[in-house]
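Here the structure is laid out as structure tokens; the discussion comes afterwards.
Letters A, B, ... are given to chains in the order of the sequence lines, protein chains preceding strands, and every chain is numbered from 1.
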There are 2 protein chains.
Amino acid sequence: MKRNSRLSLALHTLGHMARDPEQTRKSADIAAHAGTNPVVVRRVLGSLREAGLLVSESGHAGGWRLARAPQQITLADVYLALDERLVAPQADTEEHNCSVEHALHARVSKVMAEVEQTLLAKLSETNILAIRGSADEGMGE
Amino acid sequence: MKRNSRLSLALHTLGHMARDPEQTRKSADIAAHAGTNPVVVRRVLGSLREAGLLVSESGHAGGWRLARAPQQITLADVYLALDERLVAPQADTEEHNCSVEHALHARVSKVMAEVEQTLLAKLSETNILAIRGSADEGMGE
DNA sequence: AATACGCGCAACTGCTACTGTTACAAAATA
DNA sequence: TATTTTGTAACAGTAGCAGTTGCGCGTATT
């Protein structure tokens, strides 16, 4: 994967957390399960913490935990927390030299904005309990 | 831009072509107008030719032309011709080791497929006449 | 036939973004 | 105090893409 690796890692981890919200997990264990590096895990989960989805603690009994009930965390929350946007939107500081560019930008950005809203609406319909799987394996649960 | 540069170049060029479908344009002129390189133009427009949207000819009076009426070329045609996909979809040859990954992939890919369809539907509603601008400037028209 | 013109294509060079890795400081606990 | 775990900065490796150069091929002009 390329663009979705952060999102995948985040959702995968949240899926496991949704099973056992009380358990505190350390980044090393999460990384081992996901086949990546603890620092990468901290980077990604750090974004989720900034968005208020997770809490982290240092020290002996430290690690990562859900900041609220799994029912109250949707896929849209995660998507927004990671700043993933389908259409690279923001600061469109480009000069539109000719009228074709004007018309083009107007049409395309309108469509993209609508699609982005559609995506967010669909992602909002699913919370992370829905992706917690069923069997009992993984990360010591 | 990053991911949209090919799409922008393609649509920009088609917008101009929609104004004067008879005129044949050479890649050097198109590149000069778009602020890029003739080879880049040929690469991008080459994809549109493979999709049957454009024709190109060598030699003295050679260059690029629309393969059919501008009313019959929609933004969706261009999007598909360039193989742009919102969700990197195709060969999903990844091992889904745990049930969370299963559930996650199922949910996310379903949402993404639906959004992709939404996008294509919206893009299909606009043909390249709509992005041809209005004023008379650019590329010698 | 010879020449000029424009596309087709391959190869190479930066540039950018991202993941992975190492190293170290800060916080919390035994 | 010593240990554990996060937080963060710095750097290497990788992949994708735009840009560039060079050359071959087809086509129109002369």
Side-chain angles (χ1 to χ4, degrees), chain A residues 1-10 12-13 17 23-51 53-67 82-88 90-91 94 139-140, chain B residues 1-13 17 23-51 53-67 82-91 94 139-140:
Chain A
M1 290 213 199
K2 184 176 47 177
R3 133 182 244 130
N4 290 39
S5 69
R6 293 208 308 267
L7 189 61
S8 293
L9 174 58
H12 184 178
T13 304
M17 287 178 165
Q23 183 178 339
T24 294
R25 291 157 172 86
K26 40 188 194 178
S27 57
D29 292 344
I30 297 171
H33 180 73
T36 182
N37 190 288
V39 178
V40 175
V41 170
R42 280 177 225 150
R43 279 204 282 246
V44 173
L45 299 192
S47 300
L48 304 186
R49 184 191 54 231
E50 289 175 16
L53 306 182
L54 294 178
V55 290
S56 64
E57 283 165 10
S58 301
H60 256 85
W64 299 83
R65 244 179 30 251
L66 294 181
L82 293 179
D83 251 7
E84 307 254 348
R85 294 298 135 74
L86 285 185
V87 35
Q90 57 269 29
E94 299 182 41
M139 283 166 63
Chain B
M1 292 212 198
K2 182 178 48 178
R3 133 181 243 132
N4 292 40
S5 69
R6 293 208 308 267
L7 188 61
S8 294
L9 175 58
L11 289 175
H12 185 178
T13 304
M17 286 177 166
Q23 182 178 340
T24 295
R25 290 157 173 87
K26 41 187 194 179
S27 56
D29 293 343
I30 297 172
H33 180 72
T36 183
N37 191 287
V39 178
V40 174
V41 170
R42 281 177 220 148
R43 279 204 281 247
V44 172
L45 299 193
S47 300
L48 303 187
R49 183 191 54 231
E50 288 174 18
L53 305 182
L54 294 179
V55 291
S56 64
E57 284 165 8
S58 303
H60 256 85
W64 299 84
R65 244 176 33 247
L66 295 181
L82 293 179
D83 251 7
E84 308 254 348
R85 293 298 134 74
L86 285 186
V87 37
Q90 56 268 30
E94 299 182 42
M139 282 166 62

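Within the structure, side-chain hydrogen bond (donor to acceptor under 3.5 Å, both in side chains) pairs that include any residue of residues 34-43 of chain A comprise A:Ser27-A:Arg42 (at least two apart or interchain).
Under the side-chain contact (heavy atoms from CB on, under 4.5 Å) test applied with A:Arg65, the options A:Glu57, A:Met17, A:Gln23 reduce to a single match, A:Glu57. Screening B:Leu66, B:Leu82, B:Val55 for a side-chain contact (heavy atoms from CB on, under 4.5 Å) involving B:Leu48 leaves a single residue, B:Leu82.
Contacts with DNA chain D (heavy atom under 4.0 Å) in residues 35-47 of chain A: A:Val39, A:Arg42, A:Arg43, listed by number.
Note: CZ (B:Arg25) to P (C:dC7) measures 13 Å, nearest angstrom. Straight-line distance from the CG atom of B:Leu7 to the P atom of D:dA18: 11 Å, rounded to whole Å. The NZ atom of A:Lys26 sits 18 Å away from the P atom of C:dA28 (whole-angstrom rounding). Between A:Leu48 atom CG and D:dT6 atom P there is a gap of 14 Å when expressed in whole angstrom units. Summarising the geometry, the separation between CG on A:Leu82 and C1' on C:dC18 is reported as 14 Å, rounded to the nearest angstrom.
Between B:Ser5 atom OG and B:His12 atom NE2 the span is 14.0 Å, to the nearest 0.5 Å. Expressed to the nearest 0.5 Å, how far CH2 of B:Trp64 lies from OG1 of B:Thr24 amounts to 11.5 Å.
When the side-chain nitrogen and oxygen atoms of A:Ser56 are compared with OP1 and OP2 of D:dT6, none of them lie within a distance under 4.0 Å.
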Annotated protein contacts, base or backbone, on nucleotides 25-30 of chain D with a non-hydrogen cut-off under 4.0 Å, one of B, S, - each: -BBB--
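Counting only heavy atoms from C-beta outward, the side chains of B:Leu9 and B:Leu45 never approach each other to under 4.5 Å. Residues A:Leu54 and A:Thr13 fail the side-chain proximity criterion, which asks for heavy atoms closer than 4.5 Å.
When distances are taken from the side chain of A:Arg6 to each of C:dG6, C:dC18, D:dG7, the shortest belongs to C:dC18.
Annotation for B:Ala28 and B:Pro38: closest pair CA-CG, 4.0 Å, computed over non-hydrogen atoms.
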